[in-house]
Amino acid sequence: MARPFDVEEVELKWQERWRQSGLYEVDNDDARERFYALCMYPYPSGVAHQGHVRNYTFGDLVTRYQTMRGRAVLSPFGFDSFGLPAENAAIKAGSHPRIFTDQRIGELRSSVQRLGAVYDWRREVQSHDPEYIKYSQSIFLKLYEAGLAYRANAPVNWCPGCATVLANEQVNGDGTCDRSGDLVERRNLEQWFFRITNYADELLSELDSLEWPERVKTMQRNWIGRSEGVEFALRVAGRDDLTLRVFTTRPDTGFGVTYAVVAPEHPLLGQLTTPECESQVEDLVVRATNASELERTASSDAGAGLAKRGAFTGSYVINPFTGDPVPVYVADYVLGTYGTGAIMAVPAEDERDFAFAEVHGLPVVRTVAPPDDFEGGAYAGDGIKINSGFLDGLDVATAKLRAREFLVANAEGEARVNYRLRDWLVSRQRFWGCPIPIVYCATCGTVPVPESALPVTAPDDVTMDATGQSPLATHEGFRHTTCPRCGGSATRETDTLDTFTDSSWYFLRYTDPFTPNRPFDPAQAAKWMPVDQYIGGIEHAILHLLYARFYMKALVDVGVAPGVTREPFRRLFTQGMIRMDGSKMSKSKGNLVAPEQYYSTVGADGLRLFHLFVGPPADDFDWTDQTNDVIEGCARFLDRLWRLADYHDVRWHDAEVPADREVRRAIHKTIAKVTDGMERWSYNTAVAALMELLNTLSKWAREGDGAYRPLLDEAIDVMCQLLAPMAPHVSAELWARRHDDEMVHATAWPTADPDYLVDDTVTLVVQVAGKVRARLEVAADITEADAVAHALNDPAVQAALGGAAPSRTVARLPKLVNFVP
RNA sequence: GCCCGGAUGGCGGAAUGGUAGACGCGGGGGCCUCAAAAGCCCUUGGCCGCAAGGUCGUGUGGGUUCGAGUCCCACUCCGGGCACCA
């Protein structure tokens, strides 16, 4: 495609000028109103792909727009540079992960720059930078001192493919690894955890205050999984020394408890098991603990469809409501890690209990009358209580309260809130991550590495091989050390931290990477935080966004970030995915459409404009055969603007004529529309408004009397300014040519003059019974009487009314009159 | 199974209870040219009609309203999240 200018020359020139100008470097004492714009920092995977282009186009638009609005915009960039891909690549090539990482950081950085996205590069962060490691570790130690980091032996998720443990958040619903897709195994290991559950309540309640997409908030709410209920004691029949505590959200169904269940891991299981039941219980426990997550859930096409595995323990507990003994089972459908690890079972009102009862021949007693047309087993809905003694006749909500009072009075009951959220497992048996700064000493036990000895960094002389084991664990020079406390010989922790710990505070480092010897100055962090606009992919809805929220709160509490906001991201925008042939466009799918191929033809500007124009930013879009045509169309728009700015084919008239007023209106209406689009993330309509204005101007300037020069110049200037955040190179070049080499991005965003937003005459739509029958050009300030009279005068309206007077008239002046016959 | 989204021309989409289809892609026609490319102009939801015009039309069926793509109820299909959390 022949373009009226040399795209690459123009784009490279401006990228250099922006670098030199320092326009987007902000100092911490900047007096302008602050604005923090941030895209989630990327894993450095090499040259940018279309997903990056989309992401950084949005981010750059926000940065440039807010700067033109007069704000000091903090717009930093960095790299989430620890992680498994680099480690795997190093294993393959027999080299060091740093080599890959540094190379790919270079590639990604220059492709982001080639896009024309601008950042304050002085603030760049890299997770694997020893300076960053130092502070990641110092933060870990602060959490440790505060009791928020602890080591425990627990059943954990082990991914054989990644050769490491995973957090619960990294395991898919089907028991496979989020990253490799391998089947996750359960292992009991001594691991480091962060006490995120301490913050469960705050993490949940603070969601309400965030301007985030509802669905992300919903996903977090579900993940945290708060449930209110009652914990109480079931007396074990014939065993005065033994009670079994259970948790329920449905105390009202107590009269329907026909058995109880303990998890295979339950500590009292041994005591509950009678000699004659021992072998079957043991059998079940062995099967349950050896079973992978997948085996435990494989048969679960639906919660009710499970083959409920379980065994009778031989013991009975007393139902406190009825006084009757009910059998105690052990079953793997009850989780040892939730609630008390034991439940009261109500088959009539719980699907899982119902399925189990069916398999094991246990009685079902309804305590809620189901609707007449109800078919099926368990009924969990609302209704009137039956078979429930003192609760009979009540609705479920009231019965819950009464039943709770009863349990508090009679069964050591207490109101309780449980959460689905578990503590965050942060140990990883990997090499390419932040080492956990802990030393184990035979005499002193677990000893933190002193602040002065940080960072603890991995040695360079390692061989990456395919054993799957981290070289840290076997590197004697790293492992063996002296105890910081007693000086005796000791060993280092050889696990590294989950890379999500790095991404949980990088946005704080950006605010102040300048103050020596601390991760950041809290006063600077307090100045810039919270992030005003955070932009990233929906795939981080739970993991990163939940962890970062936890970190922020914890850092405030442990004194790393005193006085800083407890919520890091005020507004979140999640961009849509780019799909091709039905699946996400990604390196692993091998369906990338490389952005570089466009730079010499349509330029970064053409590609950026396309990403803005193609549809709502939050929606996914499909890259199809038609896509290249749309990209060309966007470049064509820039070409047309360029030619108009060159006065190509333009005719002139000398003095302003009344008809020019319409052009002036069009300019101001466009300012209003584009500004509104910027605020509402409606970039596709903002681009459309600019295209529309260009169509108007082109027609005006090239037909009839032609253009009035000062007005055309004003229009082109405004278009350059409105386009500056979207297609920064072309608008910068045009502006510089017209204004003595000035920078359009340093100008103030135009404002619409309200006088020009209203028309003198408008189209009055006349409806009869809601159907459009006439359109009349009327004065904008027409009175109702005039409008109605005028409308009734129209032949088409008269015909539709059939000569009769309307029974009712609805007027919404000046746009609409509706007659009801 | 539960919870969220979504469904509008040939295609991407626009329309924050008031003119459905802005803008763009694609299609059709024309200008320019020896010819083509590029560029420019016109046209483009379906049906009836030579036309003027009429009529139908936003997944389906109801409802609210003077008026519904938009609000409410039920359903169908598509996408996503969660799924033994008691």
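A, B, ... follow the sequence lines: proteins, then strands. Residue 1 opens every chain.
- Look at CG on A:Leu694: it is 12 Å from P on B:C23, rounded to the nearest Å.
- Minimum atom distance to the side chain of A:Arg215 is reached by B:G80, of the listed B:U16, B:G80, B:A86.
- The side chain of A:Gln767 sits closest to B:G18 out of B:G18, B:G10, B:G80.
- Closest to the side chain of A:Asp332, out of B:G79, B:G24, B:C84, is B:C84.
- Spacing between B:G79 and B:A86 at atom C1', rounded to whole Å, works out to 31 Å.
- A sub-4.0 Å separation between OP1 or OP2 of B:C56 and a side-chain N or O of A:Lys771 is present.
- When the nucleotides B:C3, B:G10, B:A86 are ranked by their closest atom to the side chain of A:Thr218, B:C3 comes out on top.
- Note: CG (A:Asp622) to P (B:G79) measures 12 Å, nearest angstrom.
- Side-chain atoms of A:Ala688 lie closest to B:A22 of the nucleotides B:G13, B:A22, B:C11.
- One donor-acceptor pair, N or O on each side, does fall under 3.5 Å between the base of B:G18 and the side chain of A:Arg812.
- Put simply, A:Arg773 has no side-chain N or O that comes within less than 4.0 Å of OP1 or OP2 on B:G53.
- Residue A:Ser227 places at least one side-chain N or O under 4.0 Å from the OP1 or OP2 atom of B:A86.
- In this structure, the side chain to side chain contact (heavy atoms under 4.5 Å, CB included) partners of A:Gln220, at least two apart in sequence or on a different chain, are A:Leu207, A:Trp212, A:Leu545, A:Leu546, A:Arg549.
- In this structure, A:Arg3 contributes its side chain and A:Val602 its backbone to a donor-acceptor pair below 3.5 Å.
- Distances shown here put every side-chain N or O of A:Tyr333 at or beyond 4.0 Å from the OP1 or OP2 atom of B:A86.
- For the pair A:Arg420 and A:Trp223, the cation-pi criterion (under 6.0 Å, within 45° of the ring axis) is fulfilled.
- Atoms CG and NZ, from A:Leu694 and A:Lys699 in turn, are 12.0 Å apart once rounded to the nearest 0.5 Å.
- Glycosidic conformation of B:G9 is syn; the angle stays within 90° of 0.
- Within the structure, every side-chain polar atom (N or O) of A:Arg808 is placed at least 4.0 Å from both OP1 and OP2 of B:G67.
- Looking only at side-chain heavy atoms (C-beta outward), A:Met726 and A:Met678 come within less than 4.5 Å of each other.
- Contact annotation: A:Asn684 side-chain N/O to B:C23 OP1/OP2 distance is not under 4.0 Å.
- For B:C25, its base never sits under 3.5 Å from the side chain of A:Asp629 at any donor and acceptor pair.
- A parallel orientation is assigned to the rings of A:Tyr547 and A:Trp424, their planes being inclined by less than 30° (bins at 30° and 60°).
- Between A:Lys699 and the phosphate of B:C42, there is a side-chain N or O to OP1/OP2 separation shorter than 4.0 Å.
- Listed candidates were B:G26, B:G13, B:G79. Nearest to the side chain of A:Arg636 is B:G26.
- We find that CH2 of A:Trp681 is positioned 18 Å from P of B:G13, with the value rounded to whole Å.
- Atom CG of A:Asp625 and atom C1' of B:G26 are 12 Å apart (whole Å).
- Checking B:U19, B:G18, B:A86 against every side-chain atom of A:Val810, the shortest atom distance belongs to B:G18.
- Of the candidate nucleotides B:C23, B:A86, B:U19, B:U19 has the atom lying nearest to any side-chain atom of A:Val765.
- Contact between the side-chain N/O atoms of A:Asn695 and the OP1/OP2 oxygens of B:G24 is found at a separation under 4.0 Å.
- Minimum atom distance to the side chain of A:Arg680 is reached by B:U16, of the listed B:A14, B:U16, B:G12.
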